[in-house]
Amino acid sequence: MESNIPTPPETQSQSGTVSASENETLFACITHLMPLAGFILPALGTLLGPILWWALMKDKSPSVRDHGPEVINFAISFSIYSLACIPLVFLLIGIPLLLVITVAVIVLAIIGAVKAANGEMFRYPLILRFLKPSESQT
């Protein structure tokens with residue numbers, strides 16, 4: 001039985017392959033989600049995920065080259081904030097602060113990925129800017 005429901009044009013593909021712009025959008029989204037690797041590999045994943053992804057993909061993908069420094073700055077900054085909270089755990093204020101930082105990392109990474117999917121550059125709030133953006137962003 002054949003369906004008479006038309007397929008929207010954005011889901012139709014002549015060759016069935018993914019376009020370069022779709023790949024770039026996907027790579028940019030992955031870049032913003034890389035700090036969440038810290039939930040898989042605690043302590044090191046938050047930093048290593050974005051740095052390794054950027055190092056491997058920056059020459060292959062303009063999106064990763066553009067979004068990477070911002071995401072790495074985000075990962076470094078929130079790692080520093082987390083480390084600063086560890087001594088505060090003994091004063092009992094560190095535990096809620098670490099929870100706030102964890103929620104902020106998750107929420108901001110998702111917001112960054114959504115913005116990247118829409119073709120926008122996301123500037124993370126409250127981060128220290130160690131790496132400068134690429135020339136195409138300025």
Side-chain angles (χ1 to χ4, degrees):
M1 185 173 226
E2 193 173 314
S3 174
N4 292 331
I5 300 172
T7 306
E10 61 270 8
T11 60
Q12 294 177 346
S13 175
Q14 297 294 342
S15 64
T17 60
V18 177
S19 71
S21 65
E22 290 172 336
N23 276 339
E24 288 302 312
T25 301
L26 175 65
F27 291 156
C29 289
I30 291 171
T31 303
H32 285 278
L33 294 174
M34 273 295 143
L36 301 181
F39 294 107
I40 297 167
L41 182 64
L44 295 175
T46 301
L47 283 173
L48 286 181
I51 291 170
L52 288 176
W53 177 253
W54 182 66
L56 292 173
M57 298 297 293
K58 68 180 177 180
D59 295 330
K60 299 174 187 168
S61 170
S63 293
V64 174
R65 186 173 47 251
D66 291 345
H67 291 264
E70 185 73 10
V71 174
I72 292 170
N73 287 334
F74 167 65
I76 292 170
S77 296
F78 276 83
S79 294
I80 291 170
Y81 304 152
S82 296
L83 288 173
C85 287
I86 291 174
L88 297 175
V89 168
F90 299 108
L91 300 175
L92 300 179
I93 189 72
I95 295 170
L97 288 175
L98 285 171
L99 290 173
V100 167
I101 289 171
T102 301
V103 170
V105 166
I106 294 168
V107 169
L108 291 172
I110 292 170
I111 291 171
V114 169
K115 292 275 191 177
N118 292 330
E120 301 173 40
M121 186 65 193
F122 180 61
R123 301 266 303 170
Y124 289 94
L126 306 172
I127 67 169
L128 308 168
R129 305 216 186 269
F130 297 103
L131 298 176
K132 301 293 182 203
S134 66
E135 292 298 320
S136 62
Q137 290 180 357
T138 56

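The figures that follow rest on heavy atoms only: side chains count, while hydrogens, waters and symmetry mates do not. Values in this document were obtained by computation on a predicted structure and should not be read as measured data.
In this structure, the side chains of W54 and P69 come closer than 4.5 Å at one or more pairs of heavy atoms. Between Y124 and N73, every side-chain heavy-atom pair lies at or beyond the 4.5 Å cut-off.
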Show your reasoning for whether side chain to side chain contact (heavy atoms under 4.5 Å, CB included) applies to M34 and L52.
CA-CA 9 Å; M34 273 295 143; L52 288 176; over 6 Å; no
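For the atom pair OG1 (T46) and CD1 (I51), the distance works out to 10.5 Å, reported to the nearest 0.5 Å. Rounding to the nearest 0.5 Å gives a distance of 9.5 Å between CG of L48 and OG of S79.
Between F27 and the choices K60, M57, H67, R65, the side chain to side chain contact (heavy atoms under 4.5 Å, CB included) rule is met once, by M57.
Through chains of ILVMFWY side-chain contacts below 4.5 Å, I86 is grouped with L83.
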Enumerate donor-acceptor pairs with a distance under 3.5 Å from any side-chain N or O in residues 91-120 to protein atoms, sequence neighbours excluded.
{"unit_1": "T102", "atom_1": "OG1", "unit_2": "L98", "atom_2": "O", "d": "2.8"}
{"unit_1": "K115", "atom_1": "NZ", "unit_2": "E120", "atom_2": "OE1", "d": "3.4"}
{"unit_1": "N118", "atom_1": "ND2", "unit_2": "V114", "atom_2": "O", "d": "3.3"}

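V64 approaches K58 most closely through the heavy-atom pair CG1-N, 4.1 Å. In terms of heavy-atom proximity, P50 sits nearest to V71 at CB-CG1, 4.0 Å. Taking each heavy atom of P35 and T31 in turn, the nearest pair found is CD-O, 3.8 Å.
Both F74 and F130 are part of a single hydrophobic cluster, where members link through side-chain heavy atoms under 4.5 Å apart. Each of I72 and L126 belongs to its own hydrophobic cluster when Ile, Leu, Val, Met, Phe, Trp and Tyr are linked at side-chain heavy-atom distances under 4.5 angstrom.
The backbone N or O of L128 sits less than 3.5 Å from a side-chain atom of S77, completing a donor-acceptor pair.
For the ring-ring contact (aromatic ring centres under 6.0 Å, His included) test, residues two or more places apart in sequence or in another chain that qualify with Y81 are F78.
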